[in-house]
Protein chains: 2
Amino acid sequence: MSAESNDLRQAGLKVTHPRVKIYQVLLSATEADHWSAEEIYRLLVERSEDIGLATVYRVLTQFEEAGLVIRQRFENEHAVYELATGDHHDHLVCSRTGQVREFNDDKLNQRLLEIAAENGFEYTGQTVHIFGEVR
Amino acid sequence: MSAESNDLRQAGLKVTHPRVKIYQVLLSATEADHWSAEEIYRLLVERSEDIGLATVYRVLTQFEEAGLVIRQRFENEHAVYELATGDHHDHLVCSRTGQVREFNDDKLNQRLLEIAAENGFEYTGQTVHIFGEVR
DNA sequence: GTGTTTGCAAATAGTTTGCAAGAAC
DNA sequence: GTTCTTGCAAACTATTTGCAAACAC
């Protein structure tokens with residue numbers, strides 16, 4: 001049994017053709033790739049996969065609920081999806097090119113925890129987007 | 001001439017009834033209020049103002065372009081608008097109630113600048129959302 | 001008076017849903 | 001064989017746009 005099938009099954013999802021293919025697309029993404037449902041759909045079409053757009057949305061939602069992927073929303077844009085690697089990270093986004101870079105900074109995370117505490121919030125999560133232009 | 005009219009004119013916008021009314025609604029918002037176009041529209045209807053939803057969207061977009069307001073996007077939701085006060089701030093959002101609290105932390109801002117620099121990005125802006133539950 | 005703005009209805013973009021046919025186990 | 005999943009088309013939500021009438025200056 002393939003590793004992908006195993007991952008799906010472990011997430012409590014029946015192993016179907018669309019799910020495996022969509023999971024493979026996500027596995028093939030690099031740090032700079034943050035694909036929308038539409039883009040994933042187009043990648044599948046390019047690979048001659050006969051999977052409907054609605055299914056892509058449904059599967060991505062199931063993946064998110066199962067904790068396999070994380071849905072991000074940069075600025076105005078539509079949602080983009082990336083595999084949940086287990087370790088948290090935030091994003092640097094180039095305002096000019098849209099290029100994305102991931103980072104994870106302990107000092108930053110620590111300060112965010114403190115800010116939450118100072119304001120009487122029990123921390124549950126964070127979204128940090130730094131905008132800039134690649135030099 | 002009212003202060004509101006002045007603000008609009010200074011922003012390069014002709015003073016019209018819908019613009020003044022929408023601006024007044026925004027002025028009446030507290031730190032915890034982050035209203036969507038739809039909500040602003042409903043507030044206007046409650047005040048017996050006969051202003052169309054499309055106009056609310058158009059005016060808010062003009063306000064944003066003029067630097068009068070800032071458009072935010074929390075999580076999945078629609079866009080919300082707040083007056084640009086000049087000083088930057090970030091947001092704490094209660095995952096349970098949706099309640100919003102603003103903050104501005106120098107240490108945090110400093111660290112974000114450093115992270116941008118470390119990654120070869122010329123800093124242009126930031127969006128920080130801390131999620132938590134109000135204790 | 002002239003150019004800008006508005007209201008309405010229709011269009012659009014992204015996403016979700018109902019349902020009958022098809023796949024997984 | 002039964003239950004879950006998929007594809008398609010239609011529905012939906014948030015937002016934008018075309019256009020003729022109304023307004024600001």
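If you're wondering where the values come from, they're calculated on a predicted model, not measured in any experiment. Convention: sequence-line order gives letters A, B, ...; per-chain numbering from 1.
- Residue A:H78 contributes atom NE2, which lies 19 Å from atom C1' of D:dC12 at whole-angstrom precision.
- The separation between B:R73 atom CZ and D:dT13 atom C1' is 12 Å, rounded to whole Å.
- A donor atom on one side chain and an acceptor atom on the other are not found under 3.5 Å apart for B:E31 and B:H89.
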For residues 45-54 of chain B, please give each side-chain donor-acceptor pair under 3.5 Å, one per line with the distance, not counting sequence neighbours.
unit_1	atom_1	unit_2	atom_2	d
B:E49	OE1	B:H17	NE2	2.7

For A:H91 and A:E82, what are the C-alpha separation, side-chain angles and deciding distance, and is it a side-chain hydrogen bond (donor to acceptor under 3.5 Å, both in side chains)? CA-CA 12 Å; A:H91 296 90; A:E82 58 181 311; 3.2 Å; yes

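- Put simply, OH on A:Y81 is 8 Å from C1' on C:dT15, counting in whole angstrom units.
- Heavy atoms of B:A37 sit nowhere under 4.0 angstrom from any nucleic acid atom.
- Summary of helix geometry: the two end axes of the helix from C:dG1-D:dC25 to C:dC25-D:dG1, each defined by five base pairs via their C1' atoms, are inclined to each other by 30° (rounded to 10°).
- In this model, the phosphate group of C:dT16 is not approached by any side-chain N or O of A:Y57 to a distance below 4.0 Å at OP1 or OP2.
- Electrostatic pairing of B:R96 and A:E122 does not count as a salt bridge here, judged by no charged N lying under 4.0 Å from a carboxylate O.
- Taking atom CD1 on A:I22 and atom C1' on D:dT6, their separation rounds to 11 Å, with Å as the unit.
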Derivation of the side-chain contact (heavy atoms from CB on, under 4.5 Å) call for B:I130 and A:F121: CA-CA 9 Å; B:I130 306 180; A:F121 276 65; over 6 Å; no

Test log, rule side-chain contact (heavy atoms from CB on, under 4.5 Å), inputs A:K14 and A:R9: CA-CA 6 Å; A:K14 194 179 276 190; A:R9 200 161 282 130; over 6 Å; no

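- Minimum interatomic distance between A:Y81 and A:A37 (heavy atoms only, all atoms of both residues): CE1-N, 3.9 Å.
- Rounded to an integer number of Å, the gap from B:L53 CG to D:dT13 P is 13 Å.
- Taking every heavy atom of both residues into account, B:L44 and B:V25 meet most closely at CD2-CG2, 3.7 Å.
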Step by step, work out the side-chain contact (heavy atoms from CB on, under 4.5 Å) result for A:T127 and B:F131. CA-CA 8 Å; A:T127 304; B:F131 300 102; 3.3 Å; yes

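- Rounded to whole Å, the distance from CG on B:L60 to P on D:dT17 is 15 Å.
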Taking protein heavy atoms under 4.0 Å as touching, what does nucleotides 18-25 of chain C look like 5' to 3' if B marks base contact, S marks sugar-phosphate-only contact and - marks none? B-----SS

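- If you take OH of B:Y41 and P of D:dA14, they are 14 Å apart, rounded to a whole angstrom.
- Spacing between atom CD1 of A:I40 and atom P of C:dG14 amounts to 14 Å, rounded to whole angstrom units.
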